[in-house]
Structures are given as C-alpha cells and as structure tokens.
Protein chains: 2
Amino acid sequence: MKTADPELMRAMNRLSVLDTIRRRGPISRVEISERTELSTTTVSAITGSLLDDGLILTRHEGDIRNETVRGRPRVMLEVNPDAARVVGAKIAASRMVFVVTNFRGDVLSKLTLPIRIDRQPIAVIADLVEDGVRRCVVDAGLSLEDVDSVCLGLPGVIEHRTGHIRSSPIFREINIDFAAEMSTRLSTPTIVESDAHAITLGHHWFGKARDLQDMVLISLEQTLGLGVLHGNRLFRGAGGLSHNLGDLVLGMGPQGVIRLSSQAGESAILGEQQTDGRFAEAVRLGRGMTHVQALIKADDDRLIGAAVRAGEAVGLTIANIVTLFAPPRVILVGSSLALGEPFLNSLRDAYALAIPPSLKGVSELVFDDSTDDFWAQGAAAVALYELYESPWSTTGPAL
Amino acid sequence: MKTADPELMRAMNRLSVLDTIRRRGPISRVEISERTELSTTTVSAITGSLLDDGLILTRHEGDIRNETVRGRPRVMLEVNPDAARVVGAKIAASRMVFVVTNFRGDVLSKLTLPIRIDRQPIAVIADLVEDGVRRCVVDAGLSLEDVDSVCLGLPGVIEHRTGHIRSSPIFREINIDFAAEMSTRLSTPTIVESDAHAITLGHHWFGKARDLQDMVLISLEQTLGLGVLHGNRLFRGAGGLSHNLGDLVLGMGPQGVIRLSSQAGESAILGEQQTDGRFAEAVRLGRGMTHVQALIKADDDRLIGAAVRAGEAVGLTIANIVTLFAPPRVILVGSSLALGEPFLNSLRDAYALAIPPSLKGVSELVFDDSTDDFWAQGAAAVALYELYESPWSTTGPAL
DNA sequence: ATTATTTAATACGAGGTGCAAATTAAATTC
DNA sequence: GAATTTAATTTGCACCTCGTATTAAATAAT
C-alpha cells in the first residue's frame with residue numbers, strides 16, 4: 001500500500017489533467033473540469049503550473065461550439081509539442097525501427113534499419129541500436145541532448161521495473177541489464193519495455209483503444225506477446241514481468257507439450273519452407289511474411305495448411321485470454337496478420353468456437369495492420385507516459 | 001483516472017494503518033509508522049480517529065521486545081473484535097456453509113446446510129440462503145441488526161461491482177441481481193462475490209498468502225475458479241467479472257473444443273461413475289470426492305485414470321496461468337484435491353513439463369485443503385474489507 | 001527517594017491540496 | 001454604452017501530512 005501525501009494527490013490530478021489535454025486536443029478549462037471531475041479552481045491551478053512549466057500552450061481560437069455564444073470565450077489549451085522529445089524504437093529480429101517524437105507523440109523522423117540480428121551478442125546489438133538512435137535524432141534535426149528519454153521495445157520477457165531482459169529471441173545472452181547499458185551509451189535515460197506493451201500503450205494513446213480503459217492486445221510476430229490495459233494502466237503482471245504468449249501450452253502431444261509458439265510463431269509457419277532457396281533469402285531479410293502471402297495467393301497448399309493451423313491455435317488462445325480478462329476489445333497486431341484470409345478466417349472460426357457462450361459478444365476482435373512505425377511510436381508513448389507522470393520542475397506551489 | 005482529494009488521501013492511509021494493525025496483531029504506533037512509512041504524527045492522528053470510532057483498542061501489555069528496555073513503554077493497538085460483525089457464506093451445489101465473524105475475522109459461529117440445490121429457481125435458493133444466514137446469526141447469539149454486512153461466495157461468473165450473477169451452475173436462471181434480492185430479504189447490505197475470489201482474499205488475510213502482495217489461486221470444485229491478487233488487491237478483470245477457468249480451452253478434439261471443465265470438473269471425474277448405485281447417492285449428498293478417494297485407495301482403475309487425466313489438464317492450465325501472471329505463489333484449493341496422490345502427482349508432473357524453462361522456479365505451488373469454513377471466512381473477509389475501506393463515521397478531523 | 005536518561009506519543013506550526021463562494025475578465029446582446 | 005452571460009482567477013476555509021518541540025511514562029543511577 002503506497003503512502004498517500006499531498007504530493008501524490010497533486011501528481012495524480014496533474015496526470016489526469018495533462019492526459020485529458022493531450023487526448024481531447026485543444027480543450028478549455030471548464031471542459032477539463034467536467035471530464036476530470038475536478039473543480040475549476042483546481043484545474044486552473046494545475047493548468048497554471050503546467051503553463052509555467054511550458055508543458056501546455058494556450059490558444060485563443062478553436063472553440064468548436066456554436067459561434068454565437070454569449071460570455072467570455074474559452075481559452076483553449078493544448079499540449080506543447082516542443083516541451084520534450086523522446087525516441088521510441090522497435091527492435092525485432094530482422095529490423096529496427098526508430099522514431100523521434102515530440103511531447104505530443106507526433107513523429108518527427110523515422111528510420112528503419114533492415115538488419116538481421118538473430119541471437120547476436122549484446123555488444124553488437126547495442127552498437128546497432130545506439131547507431132540507429134543517433135542517426136534518427138540527427139534526421140530530426142536534433143542533438144541527443146535535446147532528447148529527454150528513450151524507450152526500446154523488444155520481444156521477449158522484459159522486466160520493466162529494472163530494465164532487465166530476462167530472455168529475448170534476439171539476444172544470445174539472458175538476464176541482461178540493457179537499460180543500464182544503453183543509458184550510459186546514450187547518456188540519456190533509457191527504458192526497456194516489451195514490444196507488446198509498447199504497442200498496447202500506443203493503441204491507448206493514438207490508436208484503436210483511445211476510447212477504452214481496459215483492453216487486451218495480442219501481438220503476432222516472431223514472438224507472441226500480450227499486452228493488458230487495466231484501468232488506463234498497463235498491467236505488467238506480478239513482478240513487473242511481461243507476458244510471453246508463445247510459452248502457453250495448447251495441449252499434450254505424443255512428444256511432450258505443444259506450445260503456441262510451435263504452432264503460430266513466425267518460424268513455425270515459415271519453418272517448413274526454410275530449405276526452399278527463394279525463401280530462405282526472404283526470411284533472412286525479414287520479408288518472410290510478405291512472401292508467404294504471395295505464395296498463399298498462388299495456392300501453396302503447404303503454407304495454407306500452416307496458416308490455418310496457426311490461426312486455429314491463436315483463435316483458441318484468444319478465447320482463453322478473453323475468458324480470463326473479459327476485455328471489451330481485443331486488438332490483434334503483428335506480421336502474422338499478413339498471412340491473410342486463410343489465417344484470419346480460421347482464427348475467427350476457432351475463436352467463435354472456443355469462446356464460452358456466456359462471454360459471447362463481450363469482446364470485440366479488432367485487427368490492426370499498422371506498420372512498424374506505430375510500434376516505435378508506442379515505445380515513444382511509454383517514454384512520454386513517464387514524463388507525463390513525473391512531477392517535472394515545478395512541483396511546488398505557485399511562486 | 002479517479003480524482004484525488006484529501007478525503008481519498010485519508011482513506012488510503014487509514015486503510016493502510018488499519019490493515020497493518022489487523023495483520024501484525026497488537027502493534028505499537030512506532031512500529032506502524034515504520035511499516036506504513038507514515039510519520040508518527042500521522043499515525044497518531046489516524047489511530048486516534050480509529051480509537052474514537054471504536055475500531056481499535058489499546059492494550060498496555062504485550063510488548064514483545066526485551067523486557068529490560070528503558071523509556072516509556074509502547075502502547076499496543078489491536079483491532080476491536082466487536083467493532084462489527086459480518087456473515088460470510090459459501091454457497092455450493094451440494095451444501096451451504098455460513099459463518100458469522102467479528103471485525104477481526106474470527107469465526108463466532110458456523111453452520112453447514114448439506115442441501116443439494118442444483119439448478120434450483122432463484123426463489124428456492126434465496127429462501128435457503130436467507131434461512132441459513134438467520135440461523136447462523138442466531139447461533140452466534142446475535143440478531144440480524146447486529147450484522148453490518150453479508151457476503152455470499154458462489155461459483156460461476158459474478159459481476160462483483162453490480163452484484164449480478166451472470167451465470168452460475170447452481171442457478172437455473174442467468175443474469176440475476178442476487179445482491180439486491182438478498183439485501184432486501186435480509187435488510188442488510190449484501191455483497192455477491194465469486195467463491196474463488198472470496199477464498200483468495202481469505203488466504204491473503206488469514207491463510208497461505210498473508211506475506212504476499214501478489215499471488216494466484218486456483219479453485220478446483222464443481223466449477224474451476226481463479227482468483228488473482230495484484231498489489232494487495234483482488235484483480236477482478238476488466239469489467240469486474242470473475243474468471244471461470246472451466247471455460248478455458250485445452251485443445252481441439254475430434255468433436256469440437258475440449259474445455260478444462262470437461263476434463264477436470266467434479267462431474268467430469270465422477271461422471272463415468274454416475275450410474276453406479278452406491279455412488280449416485282454419495283454424489284447427491286455432496287460427498288462424491290470423499291468416496292472417490294476411498295475407491296482410489298481400493299485401486300479402482302477407471303477412477304484413477306480420470307484423476308490422472310484431470311491432474312494433467314489442471315497442471316497444464318496452471319502452467320499457462322503462471323506464464324501469464326508470473327505470481328510468486330499459486331495456491332490450489334477445492335474438493336478435487338481430495339483425489340489424492342494420483343491426481344496431485346500427475347498435476348505436478350504436467351506442470352513441471354508445461355512451465356516454460358524461463359519461468360521455472362518463479363512460482364511455488366501450494367496445496368491447501370482447508371475446510372468449507374475457510375471459504376466462508378474468506379467471504380467474510382470480502383465483507384470486512386469493504387468495511388475497512390469505508391470511511392466509517394468519523395471521516396472528519398479530530399473533534 | 002530523587003534525579004537523570006531514554007523512549008513513546010502528542011501539540012503545534014508550516015506547507016501543500018482541493019473546493020465553494022466571491023470577484024474579476026472578456027465577450028455578446030440590447 | 002450598459003446589461004448580460006460565461007470563463008477564469010482570487011480569496012478564504014477545511015483538511016491532510018510532516019518536522020520539531022514538548023509532554024508522558026517508564027528504567028537506571030545517585
């Protein structure tokens with residue numbers, strides 16, 4: 001139980017106000033007061049402090065209401081885009097995507113490095129990441145000193161609280177303090193987060209879950225990840241661990257347990273084709289899924305079969321997740337969606353079959369085919385969230 | 001985002017102090033201050049208010065420290081057992097168990113009604129429950145007016161926030177506002193809660209999770225339930241729903257999905273034996289599991305087979321739950337534990353096989369064979385928790 | 001027996017917080 | 001140009017927590 005003092009109180013309300021301003025675009029103080037259920041007095045005090053800190057800006061136009069309203073016009077407030085800058089990154093096995101965003105989360109520059117880093121030693125990956133961050137920052141016309149925070153989203157089991165990578169398919173080592181490593185390299189505070197969590201927050205900030213307080217996201221990439229939003233916050237599991245869906249067990253086969261990753265992981269679907277020459281090259285470049293789609297269009301029976309099996313496994317898993325969390329919406333993201341109709345149809349069918357009758361209709365399935373930028377933007381949102389939460393310079397009273 | 005005001009602040013700290021007093025037996029103010037990280041001043045103010053409200057008592061002995069300490073002796077504080085009384089109940093298909101507890105959660109009286117209420121209409125069940133509550137209260141030498149709150153724990157999908165029963169194996173109807181029904185009948189505030197949640201809180205208050213802030217409990221009864229404790233609070237899922245593990249899908253069989261309930265539910269294990277005469281009677285009386293155990297001892301191959309299959313299914317499911325939540329401890333409760341070694345061994349084996357290597361050792365499996373009283377006591381804890389949280393009479397300042 | 005010492009608990013004042021009521025500000029309408 | 005209307009701030013108050021000083025209640029020393 002965390003101890004409550006005035007500071008915490010203020011921090012909570014500040015976050016609430018700041019987030020409301022970010023979400024509802026230019027917004028007046030009265031409307032903030034209505035939405036947050038804080039008194040206008042308090043809203044005035046907090047927005048005053050936010051203005052002092054330069055986190056928000058006033059704008060004297062833009063009141064949407066009927067032009068012909070009596071009375072003093074509302075002053076609209078909006079997040080100051082230039083209050084801070086962060087870097088968000090998605091690190092995957094076959095590519096890295098970096099974005100620099102402003103305080104509002106707008107992308108200022110992006111950079112894709114199509115490099116395969118399968119199970120490289122930490123120093124190699126750190127080099128590449130450092131290089132990517134630096135180049136992307138320069139592309140945005142900035143210097144690294146202008147960047148307040150960096151967030152790296154990567155697959156695997158990440159301990160957000162400490163910045164440790166417990167295990168990740170892209171690292172050879174396990175149990176790496178990657179946050180510390182990158183923080184010193186970049187001399188900028190660096191957060192390490194599961195890629196699934198990053199895009200979950202991304203959807204809550206910018207995407208298909210803006211209107212929700214609770215939802216579940218399932219990422220279908222090389223690794224199968226899960227993000228849970230609960231009460232407007234990321235649910236990070238007991239110990240601050242991320243979830244790794246691929247480890248879920250679907251049943252007992254003749255030679256031991258059958259894990260989801262063996263049915264629906266990228267390599268599971270592509271695996272059978274690895275020997276194929278034209279294919280190995282594509283996979284190596286991280287373009288496997290796109291090629292698969294072409295082959296599916298060309299009626300490659302083996303692949304269609306793999307896609308259908310994968311869809312089935314994922315559909316069952318989603319049903320189980322819904323059984324546990326009963327979220328109003330489930331968002332599916334990731335490269336495996338590119339498998340197209342055979343995959344999606346069997347997924348939908350399996351889900352419909354597996355969802356318990358009592359929960360039928362409580363969860364809506366949404367497919368999202370955002371590009372990698374959006375993942376990186378989600379990572380940026382994680383970094384921004386911590387800035388939004390932090391008390392900033394002026395915690396104290398009005399001077 | 002909930003709006004933070006001084007009242008919330010006080011409520012949080014009050015709960016923190018009161019819970020510390022409950023947990024750490026008679027405890028001095030200084031020690032409370034250390035544990036809660038509140039200043040001694042604040043602790044004094046809060047305990048003063050709690051004393052005014054009669055929720056705690058002072059005791060001038062019992063300081064555990066070395067007898068020969070200088071200085072003013074500490075005044076020990078403890079929860080006033082008589083500050084309130086609640087009724088907790090476990091409603092199962094074959095029996096109802098009621099307990100009356102004091103404000104500390106001590107059982108004052110208990111009552112077991114060995115009545116089978118399979119799929120009865122709501123009026124019948126409500127009658128029985130009302131009768132049970134009233135009798136148990138009388139047994140404790142009390143009147144219903146002395147009871148501050150009632151909590152009914154029952155199987156199925158319960159919406160705690162509204163008190164609605166979405167679906168339950170013991171009701172014929174679905175979507176019942178049982179909380180409202182019983183509140184009027186008893187003219188006492190009545191909470192309806194999933195039985196799994198009730199015993200989860202029970203273990204956090206009195207049982208095998210007293211020392212933990214996070215844990216997962218799995219209940220193996222007629223229905224398979226799940227309780228998740230997260231940050232000292234029950235995690236009730238997105239919409240305040242309870243979880244129903246039995247609906248989880250284990251895989252795809254020849255004739256559709258295979259649900260956990262079909263492998264490990266009480267009726268799944270006993271089902272094959274239902275035709276057996278000596279058996280049907282026992283099941284009808286809710287003594288099925290006990291008889292099963294006898295038969296297992298007598299080497300009934302069919303039953304041992306069923307138990308092993310059930311253990312396997314549950315073991316896999318637990319591994320999946322651990323993959324998702326990574327709790328430091330998993331507590332297993334429920335009548336199915338009475339199946340004994342064949343069941344438990346296959347459960348343990350399946351779990352060991354299914355738990356992903358990276359999570360090996362993070363969760364400890366604990367088996368708990370508490371009696372039904374403990375479930376009811378857990379329900380009482382749910383009721384007490386709400387009393388502990390509520391601001392009581394004196395929210396205001398010291399008078 | 002009396003005084004010094006030690007530790008526990010409370011009083012008091014300061015600083016921070018949110019809210020209601022009163023006040024000021026800035027527009028439109030008459 | 002005055003009245004009206006709505007937005008935002010100022011003022012005053014009740015509440016919270018905390019640090020420091022003070023009081024309370026025991027043991028140890030004289």
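Computed from a prediction, not measured in an experiment: that's the story for all the values here. Values below: every heavy atom of this structure, side chains too, minus hydrogens, waters and symmetry copies. Every chain is numbered from 1, with letters handed out A, B, ... down the list of sequences.
The interatomic distance linking L38(B) (CG) with dA9(C) (C1') rounds to 16 Å, in whole Å. We find that CE of M76(B) is positioned 9 Å from P of dA9(C), with the value rounded to whole Å. Between the CD atom of E37(B) and the P atom of dT17(D) there is a distance of 15 Å, given to the nearest Å. Rounding to whole angstrom units, CE of residue M9(B) and P of dA14(D) are separated by 17 Å. As rounded to whole Å, 12 Å separates atom C1' of dA7(D) from atom CD of E34(A). As a whole-Å value, the separation of L8(B) CG from dC16(D) P is 12 Å. The distance from atom CG of N13(B) to atom P of dC15(D) is 17 Å, rounded to the nearest whole Å. Protein atom CZ of R70(B) is 6 Å distant from nucleotide atom P of dT6(C), rounded to whole Å.
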Would you check, one step at a time, whether the test side-chain hydrogen bond (donor to acceptor under 3.5 Å, both in side chains) holds for H204(A) with R23(A)? CA-CA 10 Å; H204(A) 188 223; R23(A) 277 179 186 284; 3.2 Å; yes
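Using a 4.0 Å cut-off, some side-chain N or O of R74(B) falls inside it from OP1 or OP2 of dA8(C). The side chain of R10(B) contributes no N or O atom lying less than 4.0 Å from OP1 or OP2 of dC15(D). Side-chain nitrogen and oxygen atoms of T41(A) include none within less than 4.0 Å of the OP1 or OP2 phosphate oxygen of dC19(C). Taking side-chain N and O atoms only, S39(B) has no distance below 4.0 Å to OP1 or OP2 of dG19(D).
Residues D211(B) and R329(B) are paired through a salt bridge, judged by an N-O separation under 4.0 Å between the basic side chain and the carboxylate. A salt bridge between E31(A) and R24(A) is absent, with no side-chain N of the basic residue lying under 4.0 Å from a carboxylate O of the acidic one.
As judged by a 4.0 angstrom heavy-atom cut-off over every strand, V75(B) is placed among residues touching the sugar-phosphate backbone only.
Residue G71(A) is the one, among A4(A) and G71(A), whose nearest nucleotide of DNA chain D lies closer to the 5' end (criterion: closest heavy atom). The residue among R29(A) and P6(A) whose nearest nucleotide of DNA chain D is located toward the 5' end is R29(A).
Inter-residue side-chain proximity for R10(B) and S49(B) is flagged as met; some heavy-atom pair is nearer than 4.5 Å. In this structure the side chain of M182(A) never reaches within 4.5 angstrom of the side chain of V150(A), judged on heavy atoms.
Ranking dT17(D), dA26(D), dA20(C) by closeness to the D5(A) side chain, first place goes to dT17(D).
Below the 3.5 angstrom threshold, one finds a donor paired with an acceptor across the side chain of R72(A) and the base of dA7(D).
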